[in-house]
Visitor: 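I have a structure here, written as structure tokens, and I will follow up with some questions on it.
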Amino acid sequence: MDLTEATARVGVLRREIADHDHRYYALDAPSIPDAEYDRLMRELLALEAQYPALVTSDSPSQRVGGAPSAAFAPVTHAVPMLSLGNAFDDAEVRDFDRRVRGLTGEREIDYHAEPKFDGLAISLLYRDGVLVQAATRGDGSTGEDVTANIRTIAAIPLRLRNNPPALLEARGEVFMPRDGFARLNARQAGRGEKAFANPRNAAAGSLRQLDPRITAQRPLRFYCYGYGRVDGRLPDRHSERLDLLHGYGLPVCAQRQRVTGIDACVAYYVELGRLRADLPYEVDGVVYKVDRVDLQERLGFVSRAPRWALAHKFPAEEAVTVLENIEVQIGRTGAVTPVARLKPVFVGGVTVTNATLHNEDELRRKDVRIGDSVTVRRAGDVIPEVVGVVLERRPVDAQPFVMPTHCPVCGSDIVRVDGDAVSRCSGGLHCPAQIKAGIAHFANRRAMDIDGLGDKLIEQLVDRGLVHDVADLYQLDLPTLTGLERMAELSASNLMAAIGASKQTTLPRFIFALGIPLIGEEVARLLSAEFGDLETLLAQDWAELHARKQAIAKANQKARKHNVDHPERPALPVQDLPLRGIGPEITDRLSDFAADARNVEVIRRLLAAGIRFADNGAGQRNADAGSLALAGKTFVITGTFSQSREVITAALQELGAKVTGSVSKNTDFVAVGDNPGSKASKAAELGVTTLNETALLALLQARPGSGS
Ligand code: IVH
């Protein structure tokens with residue numbers, strides 16, 4: 001393809017991708033499968049790599065984030081960004097409506113009711129339809145320029161559609177959906193980094209990154225709920241103005257509603273409260289806005305808040321109750337968790353009787369005592385936790401808790417290693433509590449998914465000596481199961497079927513099911529994508545991998561510093577780390593696990609029982625992987641390319657290839673970029689074919705229907 005053809009094709013691809021982003025984020029109606037979207041993006045990336053002159057700042061390829069900056073410049077808001085008055089009960093809401101009616105002389109008011117998103121306010125400035133500046137609210141008059149970070153959020157259009165006015169400042173909330181927040185925290189934990197307290201902090205922290213490439217990896221979304229300066233005529237109602245902004249391509253929440261009168265506002269509030277826990281993002285209340293803009297103008301402002309709007313807050317997902325006792329629970333890794341037994345309390349929509357106290361340090365830090373009144377929090381579907389003590393209500397006879405020195409289940413010593421927050425039962429696989437918790441984890445829906453194998457049943461199986469480890473589950477038979485208490489024939493045969501069905505699983509599920517400390521679902525997925533099969537994973541030389549990682553990290557650090565100090569000089573390449581997202585704590589646990597012959601034996605017996613992996617989770621999106629151009633081929637990537645390693649990996653997987661982290665005689669190709677690691681020499685040693693970037697791109701593009 002020559003430059004002229006490439007220019008035309010790049011234009012078509014950008015429009016198509018922007019259209020799909022719009023359908024996905026603004027219309028909530030994706031029209032093509034993810035794989036097809038990825039294909040378009042890949043083609044665009046390849047063309048831009050081939051013709052760097054074609055790269056423009058509004059290309060969707062640029063969402064990956066530009067160079068880091070030293071600080072955020074101040075931005076003065078032409079129209080101040082205000083805050084909202086709050087109401088915590090119906091009476092305050094009715095007062096508000098009375099005031100609005102009194103001041104306007106209207107008998108009944110049309111309101112626009114919207115969720116109050118729990119993120120942070122952002123102003124987006126579009127000139128001639130192009131996003132030119134994004135700023136935080138700051139103190140309302142002056143915010144910070146976060147344009148580079150905002151540009152990485154795919155939900156925010158870089159260019160508006162449908163003839164927007166020459167100048168338009170949209171305002172709204174940047175937030176992190178719950179699922180993305182959970183994934184981010186899992187990743188943080190995997191890297192040994194601090195978890196974020198809640199999605200709002202995570203969203204704020206993500207926007208405050210000086211390096212937009214980090215923001216680009218954060219799952220942020222955006223809903224527009226208002227505007228600042230706009231040149232040109234606008235409709236007379238707030239609801240219609242939001243419709244207009246939606247028409248320009250800005251995402252506007254579908255949950256919003258125009259209602260008449262304050263009773264309808266309260267009904268909306270009750271309904272959203274009911275939906276709250278199921279919404280994919282957190283809301284901390286509802287906002288009512290007078291819909292007619294002429295009335296808004298008549299009402300004006302008091303201090304920093306409009307008289308025409310009100311935030312009706314949801315009750316916090318916290319409540320106070322009495323802590324009646326503290327007991328300890330032994331987890332599958334022996335971790336001793338103090339659990340609070342509570343006087344039943346209704347919080348976050350359910351009655352809570354137990355809450356976690358996490359560990360001994362937490363318990364000491366909060367100085368929780370038996371008999372105390374405590375604040376309990378339950379947000380979303382997380383385990384309820386004791387947040388703190390209401391000291392004023394402490395009874396004189398409140399009892400400090402003493403951590404037991406022996407496991408209440410097996411009697412083994414409870415030990416606490418220096419530097420570890422967690423105390424552990426040292427009984428290991430002799431401790432029935434650990435065995436039971438390990439089996440429950442193995443059977444979990446997100447692990448091997450053995451339906452019907454509940455805690456009560458596991459208890460019986462272990463206590464009767466029928467099951468000693470997870471491999472024993474596959475030796476159970478129908479007569480044994482029907483011989484158990486409260487086990488009808490039908491449930492027994494259903495359980496047998498579920499155990500049988502669980503044999504067909506995926507590698508990430510299996511790795512997760514093994515219950516290796518610190519290996520959650522996310523890490524299991526990373527490991528299985530990196531290593532491709534169980535043997536390679538278990539045979540890793542972790543010490544060598546760490547040494548290599550450290551060397552690369554050091555080189556990267558130097559390169560980043562160089563980039564900041566000498567922006568005028570060509571940037572040094574920054575290499576991707578092997579096993580990105582997996583820290584030494586995790587690999588230490590993996591090597592401990594693999595070094596224990598008992599574990600290896602359990603795995604051997606599980607595989608002998610017939611456990612099979614459908615795929616490694618990497619090529620999951622390709623149901624018909626067998627028919628793809630690179631099906632069955634194993635790749636290893638080393639060194640730096642013009643695209644990130646993630647992009648190349650995705651491109652290869654899309655064609656059915658398996659991408660693994662280490663070179664072996666089973667590797668078909670090693671893609672070698674600049675500054676390759678030891679994988680290149682390993683490839684030479686084993687005689688594995690290597691590909692440079694040009695050869696790799698040629699391979700990726702030489703497929704039917706790629707348009708090139
Ligand atoms: S309107 C003039 N609408 O709440 C009114 N704000 O306390 C300006 N917020 O910082 C705000 N959801 O970030 C409005 N649907 C919504 C909102 C909303 C969340 C936040 C906003 C602002 C704070 C105001």
Side-chain angles (χ1 to χ4, degrees), residues 75 77-88 92-93 96 100 111-124 134-144 146 150 153 155-156 169-177 198-208 220-230 234 237-239 241-243 245-246 250-259 265 268-269 271-273 275-276 279-293 295-314:
V75 173
H77 298 299
V79 180
M81 291 182 80
L82 303 167
S83 59
L84 290 168
N86 287 323
F88 293 92
E92 287 174 317
V93 172
F96 161 77
V100 168
Y111 289 104
H112 191 253
E114 308 168 6
K116 185 167 190 301
F117 310 104
D118 206 4
L120 65 159
I122 288 292
S123 139
L124 304 173
T136 60
R137 171 163 174 254
D139 63 5
S141 312
T142 310
E144 288 182 320
V146 286
I150 286 292
I153 303 175
I156 295 180
E169 185 197 343
R171 290 179 177 177
E173 198 88 346
V174 166
F175 59 92
M176 192 175 286
N198 53 51
R200 203 173 69 83
N201 286 5
S206 301
L207 273 195
R208 225 168 278 125
L220 297 172
R221 295 289 288 258
F222 172 77
Y223 274 135
C224 174
Y225 55 63
Y227 44 86
R229 272 180 65 190
V230 183
L234 290 173
R237 284 178 176 267
H238 175 75
S239 51
R241 292 185 175 189
L242 288 192
D243 291 342
L245 292 168
H246 192 213
L250 289 156
V252 176
C253 170
Q255 236 77 42
R256 70 208 172 92
Q257 201 177 317
R258 196 161 100 185
V259 296
C265 285
Y268 175 90
Y269 172 88
E271 177 60 15
L272 197 74
L275 296 176
R276 182 183 185 189
L279 289 176
Y281 47 83
E282 289 202 349
V283 294
D284 56 346
V286 166
V287 184
Y288 310 124
K289 298 175 182 171
V290 172
D291 201 39
R292 270 171 54 187
V293 179
L295 297 183
Q296 288 187 1
E297 283 164 0
R298 271 180 24 218
L299 286 158
F301 305 89
V302 258
S303 61
R304 315 279 306 155
R307 271 204 203 89
W308 47 262
L310 181 77
H312 189 181
K313 300 296 269 296
F314 285 130

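Just so you know, ligand 1 is whichever comes first in the structure, and atom 1 is the first atom listed for that ligand.
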Visitor: Report yes if Phe117 has an N/O atom closer than 3.5 Å to an N/O atom of ligand 1; otherwise report no.
Guide: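 There is such a contact, yes.
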
Visitor: Of all the heavy-atom pairs spanning Ala87 and Leu310, show the shortest one and how long it is.
Guide: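 Here Ala87 and Leu310 meet closest at CB-CD2, 3.6 Å.
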
Visitor: Suppose we measure from atom 1 (S) of ligand 1 to each protein heavy atom; which comes out shortest, and what is that distance?
Guide: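 It is Lys289 NZ, 3.4 Å.
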
Visitor: For atom 15 (N) of ligand 1, which protein heavy atom lies nearest, and how many Å away is it?
Guide: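 Atom 15 (N) of ligand 1 sits closest to the protein heavy atom Glu114 OE1, 2.8 Å.
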
Visitor: Determine the minimum heavy-atom distance between His238 and Val290, stating which atoms define it.
Guide: CB-O, 4.4 Å

Visitor: Which heavy-atom pair separates Pro115 from Cys253 by the least distance, and what is that distance?
Guide: CG-SG, 3.7 Å

Visitor: Ignoring angles and geometry beyond distance, decide whether Leu82 reaches within less than 3.5 Å of ligand 1 through its nitrogen or oxygen atoms.
Guide: no

Visitor: Looking only at the side chains, is there a donor atom on one of His112 and Tyr288 sitting less than 3.5 Å from an acceptor on the other?
Guide: no

Visitor: Which heavy-atom pair separates Leu299 from Arg307 by the least distance, and what is that distance?
Guide: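 So the two residues come closest at O-NH1, 2.6 Å.
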
Visitor: Have a look at Ala309, Gly85, Pro306 and point out the one with the heavy atom closest to atom 2 (C) of ligand 1.
Guide: Pro306

Visitor: Among Leu124, Val252, Ile150, whose side chain to side chain contact (heavy atoms under 4.5 Å, CB included) with Phe222 holds?
Guide: Leu124

Visitor: Please report whether ligand 1 has a polar contact with Leu84, defined as an N or O pair separated by less than 3.5 Å (distance criterion only).
Guide: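 For ligand 1, there is an N or O atom that lies under 3.5 Å from one belonging to Leu84.
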
Visitor: May I ask whether Met81 has any heavy atom positioned less than 4.0 angstrom from an atom of ligand 1?
Guide: no

Visitor: Measuring from non-hydrogen atoms of Cys253 to any atom of ligand 1, is the shortest distance under 4.0 Å?
Guide: no

Visitor: What closest approach, in Å, do Asp118 and Phe175 show between heavy atoms, and which atom pair accounts for it?
Guide: O-CB, 4.3 Å

Visitor: Which residue and atom name correspond to the protein heavy atom nearest atom 13 (O) of ligand 1, and how close is it?
Guide: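 For atom 13 (O) of ligand 1, the nearest protein heavy atom comes out as Glu173 OE1, 2.4 Å.
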
Visitor: Do Arg171 and Tyr225 have side-chain atoms, one donor and one acceptor, less than 3.5 Å apart?
Guide: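 Note: Arg171 and Tyr225 side chains miss the donor-acceptor criterion.
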
Visitor: Can you find an N or O of Tyr225 that's nearer than 3.5 Å to an N or O of ligand 1?
Guide: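 In this structure, Tyr225 places an N or O atom under 3.5 Å from an N or O of ligand 1.
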
Visitor: With heavy atoms only and a cut-off of under 4.0 Å, state how Pro115 meets ligand 1: side chain, backbone, both or neither.
Guide: backbone

Visitor: Of all the non-hydrogen atoms in the protein, which one sits nearest to atom 23 (C) of ligand 1, and at what distance?
Guide: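 Residue, atom and distance for the closest contact: Lys116 NZ, 4.1 Å.
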
Visitor: Would you mind listing which atoms of ligand 1 come within a distance below 4.0 Å of any non-hydrogen atom of Val287?
Guide: 15 (N), 16 (C), 17 (C)

Visitor: More than 12 non-hydrogen atoms from neighbouring residues, nucleotides or ligands closer than 6.0 Å to CZ on Arg304, yes or no?
Guide: yes

Visitor: Answer with yes or no whether the side chains of Ser123 and Glu169 bring together a donor and an acceptor at under 3.5 Å.
Guide: yes

Visitor: Using distance alone, determine whether Ser83 and ligand 1 share an N or O pair under 3.5 Å.
Guide: no

Visitor: For atom 10 (O) of ligand 1, what's the nearest protein heavy-atom neighbour? Residue, atom name and distance, please.
Guide: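 Its nearest protein heavy-atom neighbour is Ala121 CB, 3.7 Å.
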
